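Computed over heavy atoms, backbone and side chain alike; hydrogens, waters and symmetry mates excluded. Just so it is clear, the model here is predicted, and its values are computed rather than measured.
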Amino acid sequence: MEIENLVNKQYKKINNIALPLILTNVSSLIIELCDEAMVGRTSLAAFASVGLIGTTINSITGVLGMTSVAFNIIGAKSKGRNDYAGLKNDFSINILISLFCGLLFYILTLLFGDLLLKNIYHLKGNVLDEASIYLNIFSLSLGLNMVLFTFSSYFKIMDKTKYVLYGNAAASISNVIFDYILMFGHLGSPKMGIRGNALGSILALVLNVLIYMAAVRHDKLIQISKIKVLELLKKTLKLSFPLMGQEILESTLIIVAVNSILSHIGILEVSIYNLLLAVVSIASMPMYAYSQASLTIISENAGAGNYDNIKKTPKQCLLLAILFYSALSIIFLLMKNYIPRIITNDYKLIYNSIKYMPLVFLANIFYIPSTIYKYSLQGIEDEKWVLFSSIIINILGLLLIFMLSQIINLKLQGVYVELALNYIILSIVFYYRFEKDINKK
């Protein structure tokens, strides 16, 4: 009975962290679609500019935001040791890092933004003007988002992810309201177009920061020990760089490489891949939430020296993630004849997306254990090994994708078969590495 209570308590803790994160991701997705719909009703130049600048800045933010994952690991270990003074020091250091990165990025954008838009993206005319206006305002989002990531990590550590949901929901809804008022000139506001969209986004992020600050007002978080500043800064950055490398590898290099291979097969295959990637990403939201829960709980238990509990955590998170993913996959597959039509009206793209959808969902299920165990290894600070092994396995995988899709002429089927194989290899390697690391403790 006592063991059963401990297991139930552990599942409850996992869900307390993961479920609000899942709801946060869903609400963000819905609001983002509403935001895009409004921008799409202004001008083609505005729509292109928002998409281009937004994607670029969000990618950079995702990489630099790995400092908050480092804080999640270090801070959770501090909590596991009951070192709450250390946790507050960790938090303060990461807020300073976020503000510094945000300010530096904003200054660089003002100085060199137009140069980037002209020479890297080759924009000109009206599109350049629109993009420049949007970039000069939206670049503030990098620092604000990094601050929000740090707060979010703190809430995960303290099992208070409900505040992540509250803050994100309020900010997302207000973003739509601000955009509507400022873009189209309502309630006495001038009609500001794309400038209004950028301002609305920044105001929503500021509101989110204020909500988070209100939620922690009694915690007295800003606390820096002068003796530990350089030590903590060095530790945070040392842990962050491999995490940043992993983010660049998975979120940029692999996607670019796969798209490059597919572009040699045909534009239809590129379109199918990206359409189905967007669909399967929705079903994968619970996977990321449970991966973050695993990282947080494992880091906390590592700080407390509770290695028996660490060993069970990834398996429990994996079970819950697969259950959620399977349920969402079944729903999507039942609606497979309708989902592509929401995104496009191209008959060939619709027909082929429907044909490949079952294979995509099947292949992606093997991505879940590799992601859960990747985060779990990062939780015990084995992030360098994760990065190096991921680079080697993914390079070999991309070479095999090229062979299957080009030489053997399996085309898109070959890409998905190799991706599944790649995920399986990563899952096995990460699992055995995790077990080996824990058994050494």
Side-chain angles (χ1 to χ4, degrees), residues 18 22 25-26 29 250-251 254-255 257-259 261-262 265-266 268-291 294 314-344 348-376 390 393-394 396-406 408-432:
I22 295 170
N25 290 335
V26 171
L29 177 65
E250 294 183 355
S251 299
I254 292 175
I255 291 174
V258 172
N259 276 310
I261 292 170
L262 289 173
I265 302 174
L268 176 62
E269 284 73 15
V270 174
S271 301
I272 295 166
Y273 175 78
N274 284 288
L275 187 150
L276 292 179
L277 180 63
V279 173
V280 83
S281 294
I282 299 171
S284 298
M285 284 179 180
M287 173 190 72
Y288 291 108
Y290 283 108
S291 297
S294 184
K315 295 174 184 176
Q316 293 166 331
C317 290
L318 178 59
L319 174 62
L320 292 167
I322 288 177
L323 286 173
F324 264 95
Y325 177 80
S326 300
L328 289 171
S329 297
I330 290 168
I331 293 170
F332 279 119
L333 289 173
L334 289 173
M335 299 174 62
K336 67 178 183 178
N337 293 330
Y338 306 100
I339 291 172
R341 289 182 170 86
I342 298 172
I343 302 171
T344 181
K348 271 190 175 182
L349 182 53
I350 291 170
Y351 172 78
N352 284 282
S353 296
I354 293 170
K355 183 176 75 172
Y356 282 108
M357 198 177 292
L359 177 60
V360 172
F361 277 103
L362 178 62
N364 206 67
I365 198 168
F366 300 110
Y367 188 45
I368 301 175
S370 70
T371 304
I372 295 283
Y373 277 96
K374 177 189 74 178
Y375 276 73
S376 300
S390 296
I393 292 170
N394 281 299
L396 293 174
L398 288 170
L399 290 173
L400 190 54
I401 285 177
F402 179 79
M403 290 171 59
L404 289 172
S405 60
Q406 299 282 337
I408 304 176
N409 201 31
L410 286 179
K411 296 189 176 181
L412 198 53
Q413 293 97 324
V415 172
Y416 287 123
V417 168
E418 162 44 29
L419 283 174
L421 181 60
N422 212 42
Y423 299 149
I424 291 170
I425 294 170
L426 285 169
S427 298
I428 294 170
V429 170
F430 288 168
Y431 169 78
Y432 280 107

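Residues that satisfy the ring pair (Phe, Tyr, Trp, His ring centres under 6.0 Å) test with Y431, not counting sequence neighbours, are Y373. Shown here are the ring pair (Phe, Tyr, Trp, His ring centres under 6.0 Å) partners of Y367, two or more places apart in sequence or in another chain: Y423. Every residue two or more places apart in sequence or in another chain was checked for a ring pair (Phe, Tyr, Trp, His ring centres under 6.0 Å) with F366, and none qualifies. Taking the side chain to side chain donor-acceptor pair (under 3.5 Å) definition, one finds that S390 meets it with Q246, sequence neighbours left out. With sequence neighbours excluded, the residues forming a side chain to side chain donor-acceptor pair (under 3.5 Å) with S284 are N364, listed by chain and number.
Defined by atom type and a distance below 3.5 Å, a donor-acceptor pair is present between the side-chain atoms of S294 and S376.
N422 contributes no side-chain N or O that, together with a main-chain N or O of E418, makes up a donor-acceptor pair within less than 3.5 Å. Looking only at distances, a side-chain donor or acceptor of S427 sits under 3.5 Å from a matching main-chain atom of S370.
Each of L362, I272, L333 was evaluated against M357; a single residue qualifies, L333, per the side-chain contact (heavy atoms from CB on, under 4.5 Å) test.
Between Y416 and L359 the shortest heavy-atom distance is CB-CD2, 3.8 Å. The two residues Y325 and V360 make their nearest non-hydrogen contact at OH-O, 4.3 Å. Minimum heavy-atom separation, I372 to S291: CD1-OG, 3.4 Å. Between A321 and M287, the shortest heavy-atom distance links the atoms CB-CA, 4.1 Å.
Side-chain contact between P358 and K336: present, with at least one pair of heavy atoms (C-beta onward) separated by less than 4.5 Å. No side-chain heavy atom of L400 sits less than 4.5 Å from a side-chain heavy atom of L396. A heavy-atom distance below 4.5 Å is found between the side chains of T371 and Y375. For the pair Q316 and Y290, the minimum side-chain heavy-atom distance is 4.5 Å or more.
Residue pairs meeting the salt bridge (Lys or Arg N to Asp or Glu O under 4.0 Å) criterion with at least one partner in residues 362-374, sequence neighbours excluded, are E250-K374.
Here the straight-line distance linking atom CG of L349 with atom CG of L276 works out to 8.0 Å at 0.5 Å rounding. Interatomic distance, S326 OG to F361 CZ, rounded to the nearest 0.5 Å: 11.0 Å. In this structure, M335 CE and N337 CG are separated by 10.5 Å, a value rounded to the nearest 0.5 Å. A distance of 6.5 Å separates CD1 in I425 from CD1 in I393, rounded to the nearest 0.5 Å.
By the neighbour-count criterion of 12 heavy atoms within 6.0 Å, atom NZ of K355 is densely surrounded, having more than that number from other residues, nucleotides or ligands.
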>> Let's go through Y273 and L419 carefully: what are the C-alpha distance in whole Å and the side-chain angles of both, what is the deciding distance for side-chain contact (heavy atoms from CB on, under 4.5 Å) to 0.1 Å, and is it a yes or a no?
In response: CA-CA 12 Å; Y273 175 78; L419 283 174; 4.2 Å; yes
